[in-house]
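Just below is one structure, and these are the notes that go with it.
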Amino acid sequence: MKQKLEEINSSVEELLKNSTELDSLEEIRIKYLGKKGELTAVLKGMGALSAEERPVIGALANEIRDFLSSEIDSKKKELEEKLQNENLVKEVIDVTMPGNKKEIGKLHPLTTVLNELKDIFIGLGFEIAEGPEVEYDYYNFEALNIPKNHPARDTQDTFYIEDNIVLRTQTSPMQVRVMEKQKPPIRIIAPGVVYRSDAVDATHSPVFNQIEGLVVDKGITMADLKGTLEACMKAIYGNSTVVRFRPHHFPFTEPSAELDVACFVCGGKGCRICKGEGWIEVLGCGMVHPKVLANCGIDPEVYSGFAFGIGLERLVMRKYGIDDLRLFFENDLKFLKQF
Amino acid sequence: MKVPMSWFADYTDISGITPKEYAEAVTMTGSKVEGVENIGENIENVVTGKVLSIRPHEDSDHMVVCMVDVGEGEPVQIVTGAPNVKEGQIVPVAKHMSKLPGGITIKKGKLRGVESCGMLCSHDELGLTSADLGYEPEYGILVLPEDTAIGMDIKDYFGLNEEVVEYEITSNRPDCFSVIGLARETAATFKKPFKLHTPEYNENSENINDYISVEVLNPEKCTRYCAKMIKNVKIGPSPKWLVSRLRACGIRSINNIVDITNYILLEYGQPMHAFDLRDLEGNKIVVRDASNGEIIKTLDEQDRTLTSNDLVISDGKKAVAVAGVMGGFNSEVKPDTTTVIFESATFDAASVRLTAQRIGLRTEASSRYEKGLDYNNAKPAVDRACELVQMLECGEVVGGIIDCMGKTKEQKVHDFRPDKINAFLGTDISTEEMADYLRAIDFEVDLDKMTVIAPTFRPDIEAEADIAEEIARFYGYNNIPVTLLTGEATTGGRTQLQTTRDVVSSLLKAHGMYEIRTYTFTSPTIYDKLLIPPDSDLTKNVVITNPLGEDTSVMRTTTAASMLNALSYNYNHQNAQAKLFEIAKIYLPTEAGKLPDEPEIITLGMYGNTDFFDLKGVCEDLFENMHIKNVKYVADTTNPTYHPGRCANLFINDKKIGTIGEVHPTVAKNFDIEEKCYLAEISFIDVFNAITKEIKFKQLPKFPAVTRDIAMLVDKTTPVGDIEAVIMKASGELLDTIKLFDVYEGSQIPEGKKSVAFAISFRATDRSLTNEEVNKVFNKILKDLEYKLQAQLR
């Protein structure tokens, strides 16, 4: 019996040495170590052995079985590794081929830049106010110190709905709406669509977007106005941005100013982009007119504030170098995909 | 407003300041310079020359050879084709190596074999128009007066060598619509003295009051009326210096008297009018309200119908001018006019503005009056006109003046509070410095009483903030410090609604959709294109009374057309597919005199390699991601804009919140889209309101799910949604998920039937389900399907 066991051992070793297929390994295992295998048959015949022989042969049989199964396992591992390596070679791909993309859409460039602006002002403690586009004459003009027959109405070619209702020509009515509802401290921006009766061309549109800003509190100064807007401009155009505040006139601010930034192209020397002026007009601003505060029930002797209005389209055009306003409203995907 | 820089020398000293420095400085004190132009900068080496002799050209019929004296001793030979050239003429000569407008350089050369050392110029070639000359020149070379000096630079001759500054004047500064006003600002900017000129002239011994009387019947609307009389008027051309100054400011010369009134308009900012005394009947001038329907023919020979709200200047019988707007045709100065009445008056700003608007006539005069002119300026202006008459020797000033004062406002005395002004500006400017800035622009500052009085030409100064601005602009806006906001902290941030808008956008973006921006006004014919019947509520819209055109005359009540326009634009611009969205307003009228509602609509649109279920999938994802439950899609066969078999209304808790579907092929065609396209319109506020705002954690499942597939035959028309509803109801609490995986019609399926297959997964939260339990539920599902939908298990 011992001899038989050793024969099994050596024939399995021999077989393993020559086997190259995973399948044949399994066959070997079944043939010798399986339930009906040869080694199992030997073990079944153990009953015929003497009491002395039995543990010896039993130990030997177990030893051989353990040895063979571990041999088979390691051969299997070896063959598997080999197979895997062959497969890895076969599975070479061209990694320079394009990936499978799921198309993600984009926000309109006006929204993208507006969101940036919102975040800048939110960081400064501002809230976002919203209001109607179809607006009472009172909010759009009267309460902003632009009474009927005021020449300033000329410069804002207004669309009328009724005698007392207009399409708002500016986001400034939001100043009044906010001040009527909320007592200082007030820090808001109010972005939105405004309307002026301008024919469509590369730089004009009857519909465009503004962002109004308003700060009202005790002790707000013109220096605060400058600081806030300068910080904002640097956040948009970069830290090296140079700004200037130039006197101007708006009926609802006093003093009033326009903010210019040094031309990005020529740095202030004067070029085609800035029409030789060296500066590009970015926004209008000023200290809230005491009459406007009073119109909203805020005592101008106690409170002061500043306001500003930014034209969104021009800001975005400058940022991306867009030269035609109409592109914003044509919505050609070839345009929308660029931002 | 345009002013040649040299004119300022009459009032202040700006010598040594370059045009660029000047423009920069006055811009920073509030007189914004739009540009500085030098009309003569394109002309070089062009002089006056005398044609000494003319001989024919041996090789040309239409050209002649001239010898021209250009003041250089030796005459030069010039060949010209000008038909009007004659010996003895003084003409502009472009010499060898000269430059003309349009980048033209003239060089010595041969014309048909004859040497020509330059060119004789027409007015056109010098870039001049008849307005510049003050007359219509004949065709050919420009012939100058016989007494013109020879060899003179043509730029000096025409006063072209001039830096002309163009300003943007804001509506609050009527005083700056004048040379004097801008000179005052200029002087204050450069801290130079400003000297006003006091007009001086001689009068004859007669008195105007013996000739004519003036009566102001409406002293509210006419705040001052000054008149002077000129006798023995000789109408003729104005001298060159005057024509040049007018031209530089963009006004053409007419004749000496009219030019004087225009000169005063520019210099003093005071509109003047000159009446021919012959045409004033009844020896009087009456300033009165027009009668309703009164007609006057203005200088431009148009009949103007007036109302009682308009102010007119009339004589004893008829209106002779619309006050502050335009003179009458019946009393204008004519070539044979001998006696002139100069009017220099101030009128109520609002009244002039309304009249100009009503009769549709905006003039240089009205645009100044409507901003509010200074009554104290009227008399110096008319005096200056008389002085000019004397300078031009074109008449004799009659003694005396008519000067009627109307109702004027007392100048307000403001408290002068330097501390308050510094606190407002965030500055630390001394009281004396503030006073200096104010006095430089003619404000009266009393440092004992601490008061400020603004000059009468500054109607914009109403309160302390206005005074602060005057100080700030001369102190320099850029010298004001830069500080950051202090005071009570505010948290800032977006509201829930605003955040939701951003969330919707990013979810749609994740679905490959691009955001668009569209015009909110539209054409009233858009409803026809959308097949919306005329009796639909949607056609009731907010109407613009003064639109740019019909296409933009109403505020939209639907975003469908805006989206379809965007799809169409892409379709017709070679974009094979498009997926677009917009969150924007529609405008729904409420009642007269009230503002409309402006609800926001989420609009989705797509075409190209897509179908209804792609769009529906976007909606479903949107709702799921925002934890909105109970959304139902109910087929709608009646919406005219959509395909009757491929349209659904969206409901949340039985409230309709939107529509989704394939666009009706006719509508698509109406928008030039020859392909199936898909559209969804969803109310943003309803979506917002349906969001589950508080999300609660649910335990992860501890027990396994059991999945069973089911395939059944049902009628072709049975909606899958109904089958799902039956399954859900029958499964009760044990239902985990339900997933449709096959819908099939065709071979092996009886006519009129379809096969529908689902994978249904069951799970209990507290135990592993037994086969028996699952079978029981499954059997109930089968029974209910059979009973309610006549489904047959396959």
Side-chain angles (χ1 to χ4, degrees), chain A residues 103-108 110-111 122 124-128 132-134 136 149 151-152 155 159-162 164-165 167 185 187 193 197 199 206-207 215 217-219 221-224 226-228 230-231 244-249 254-255 257 287 289-290 304 328-334 336, chain B residues 27-30 170-172 350 353-354 370-371 424-426 463 465-466 468-469 472-473 477-478 480-485 487-494 498 505 508-510 512-520 542 544-546 548 552 566 569-570 573 575 578-579 587 593 595-596 598:
Chain A
E103 187 176 5
I104 295 171
K106 282 179 174 169
L107 295 178
H108 194 281
L110 290 175
T111 310
I122 285 171
L124 296 170
F126 282 62
E127 286 173 10
I128 301 165
E133 291 167 22
V134 185
Y136 288 115
N149 305 320
T155 56
F159 288 120
Y160 278 87
I161 304 297
E162 292 178 49
N164 65 333
I165 297 177
L167 296 185
R187 291 184 192 186
V193 177
S197 137
V207 182
V215 172
D217 203 350
K218 286 178 185 156
T221 68
M222 192 151 170
D224 295 336
K226 286 184 65 182
T228 306
E230 201 170 303
R244 74 172 186 188
F245 289 81
R246 173 169 48 74
H248 196 67
H249 168 67
E254 193 72 40
M287 300 301 289
H289 199 291
S304 55
F328 287 130
F329 301 99
E330 280 170 356
N331 300 305
D332 191 324
L333 279 170
K334 294 188 280 291
L336 298 174
Chain B
T27 293
M28 293 311 288
T29 56
T170 52
S171 62
N172 61 326
R353 184 183 155 78
L354 282 174
E370 68 179 31
K371 292 175 180 77
F424 185 59
L425 297 176
D466 301 302
E469 180 176 67
R473 64 196 183 92
Y477 276 17
N478 286 336
I480 295 173
V482 172
T483 56
L484 279 178
L485 288 174
E488 200 176 322
T490 47
T491 50
R494 291 174 171 84
Q498 289 160 351
S505 290
L508 294 173
K509 215 172 70 166
M513 308 195 76
Y514 289 82
E515 191 198 14
I516 61 169
R517 296 273 185 132
T518 59
Y519 278 177
T520 44
V542 175
I544 301 168
T545 55
N546 56 336
L548 283 173
T552 52
Y569 190 92
N570 279 284
H573 286 79
N575 292 316
K579 294 174 165 187
Y587 308 81
L595 298 184
E598 299 183 9

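Proteins get letters first, then strands, A, B, ... in listed order; numbering begins at 1 in each. On a predicted model such as this, the values are computed, not experimentally measured, just so you know.
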Where does A:Ser304 contact chain B at under 4.5 Å (heavy atoms): side chain, backbone, both or neither? side chain
B:Asn546 side chain vs A:Tyr160 backbone, donor-acceptor pair below 3.5 Å: yes
Is there side-chain contact between B:Glu515 and A:Lys106, with heavy atoms separated by less than 4.5 Å? no
Per-residue contact mode, B:Phe424 against chain A (heavy atom under 4.5 angstrom): both
For the residue pair B:Gln498 and A:Ile128, what are the closest heavy atoms and their distance? NE2-O, 2.8 Å
Heavy-atom distances under 4.5 Å only: say whether A:Phe328 touches chain B with side chain, backbone, both or neither. backbone
Among A:Thr221, A:Asn331, A:Ile122, which residue forms the greatest number of heavy-atom pairs with chain B at distances under 4.5 Å? A:Asn331
Is there a donor-acceptor pair under 3.5 Å between the side chain of A:Glu230 and the backbone N or O of B:Val482? no
So, does B:Lys579 use its side chain to make a donor-acceptor pair with the main chain of A:Gly105 at under 3.5 Å? no
Under 4.5 Å heavy-atom distance to chain B, tell me which part of A:Asp217 shows up: side chain, backbone, both or neither. side chain
Residue part contacting chain B, namely of A:Leu333, when any heavy atom lies under 4.5 Å: both
In the structure I gave you, are the side-chain heavy atoms of B:Tyr477 and A:Lys226 within less than 4.5 Å of one another anywhere? no
Pairs of heavy atoms under 4.5 Å with chain A: top-ranked of B:Pro596, B:Ala463, B:Ser505: B:Pro596
Side chain, backbone, both or neither of B:Ile516 within contact of chain A (heavy atoms, under 4.5 Å): both
Flag side-chain contact, heavy atom, 4.5 Å: B:Tyr514 against A:Glu103: yes
Structural part of B:Asn570 lying under 4.5 Å from a heavy atom of chain A: side chain
A:Glu330: which residues meet the side chain to side chain contact (heavy atoms under 4.5 Å, CB included) condition with it, sequence neighbours left out? A:Arg326, A:Leu327, B:Tyr569
Is there side-chain contact between A:Phe126 and B:Leu485, with at least one heavy-atom pair below 4.5 Å? yes
What are the two closest heavy atoms between B:Leu425 and A:Pro255, and how far apart are they? CD2-CG, 4.0 Å
Looking at A:Gly125, A:Pro247, A:Ala199, which makes the most heavy-atom pairs under 4.5 Å with chain B? A:Pro247
Between A:Val193, A:Thr228, A:Asp224, which residue shows the highest count of heavy-atom pairs closer than 4.5 Å to chain B? A:Asp224
CZ-OG1 distance between A:Arg187 and B:Thr491, expressed to the nearest 0.5 angstrom: 10.5 Å
Which atoms of A:Pro132 approach chain B - backbone, side chain, both or neither, heavy atom under 4.5 Å: both
Counting heavy-atom pairs under 4.5 Å with chain A, which one of B:Gly493, B:Gly30, B:Gly426, B:Pro481 comes out on top? B:Gly493
Based on non-hydrogen pairs under 4.5 Å, which of A:Glu162, A:Lys218, A:His289, A:Met222 is most in contact with chain B? A:Met222
Tell me which of these, A:Leu124, A:Asp332, A:Leu107, A:Ile104, has more heavy-atom pairs under 4.5 Å with chain B than the rest. A:Asp332
For A:Ile161 and B:Thr545, run side-chain contact (heavy atoms from CB on, under 4.5 Å): C-alpha distance rounded to whole Å, both residues' side-chain angles, the deciding distance at 0.1 Å, then the answer. CA-CA 5 Å; A:Ile161 304 297; B:Thr545 55; 5.9 Å; no
Is any side-chain heavy atom of A:Met287 closer than 4.5 Å to one of B:Glu469? no
So, the part of A:Arg244 with a heavy atom under 4.5 Å from chain B: the answer is both
Minimum heavy-atom distance A:His249-B:Ser171, with the two atoms named: CD2-OG, 3.8 Å
Side chain, backbone, both or neither: which part of B:Thr552 has a heavy atom under 4.5 Å from chain A? neither
Given that the side chain runs from C-beta out, which part of B:Met28 has a heavy atom under 4.5 Å from chain A: side chain, backbone, both or neither? both
Nearest-0.5 Å distance, CD1 of residue B:Ile544 to CD1 of residue A:Ile165: 13.0 Å
Nearest 0.5 Å, please: how far is OG1 in B:Thr170 from NE2 in A:His248? 6.5 Å
Kindly give the heavy-atom pair with the smallest separation between B:Leu484 and A:Ala231, and that separation in Å. CD2-CB, 4.5 Å
Which one of B:Ala566, B:Ala510, B:Ala350 has the most heavy-atom pairs closer than 4.5 Å to chain A? B:Ala510
Contact winner vs chain B - A:Thr111, A:Asn164, A:Leu167, A:Leu110, heavy-atom pairs under 4.5 Å: A:Thr111
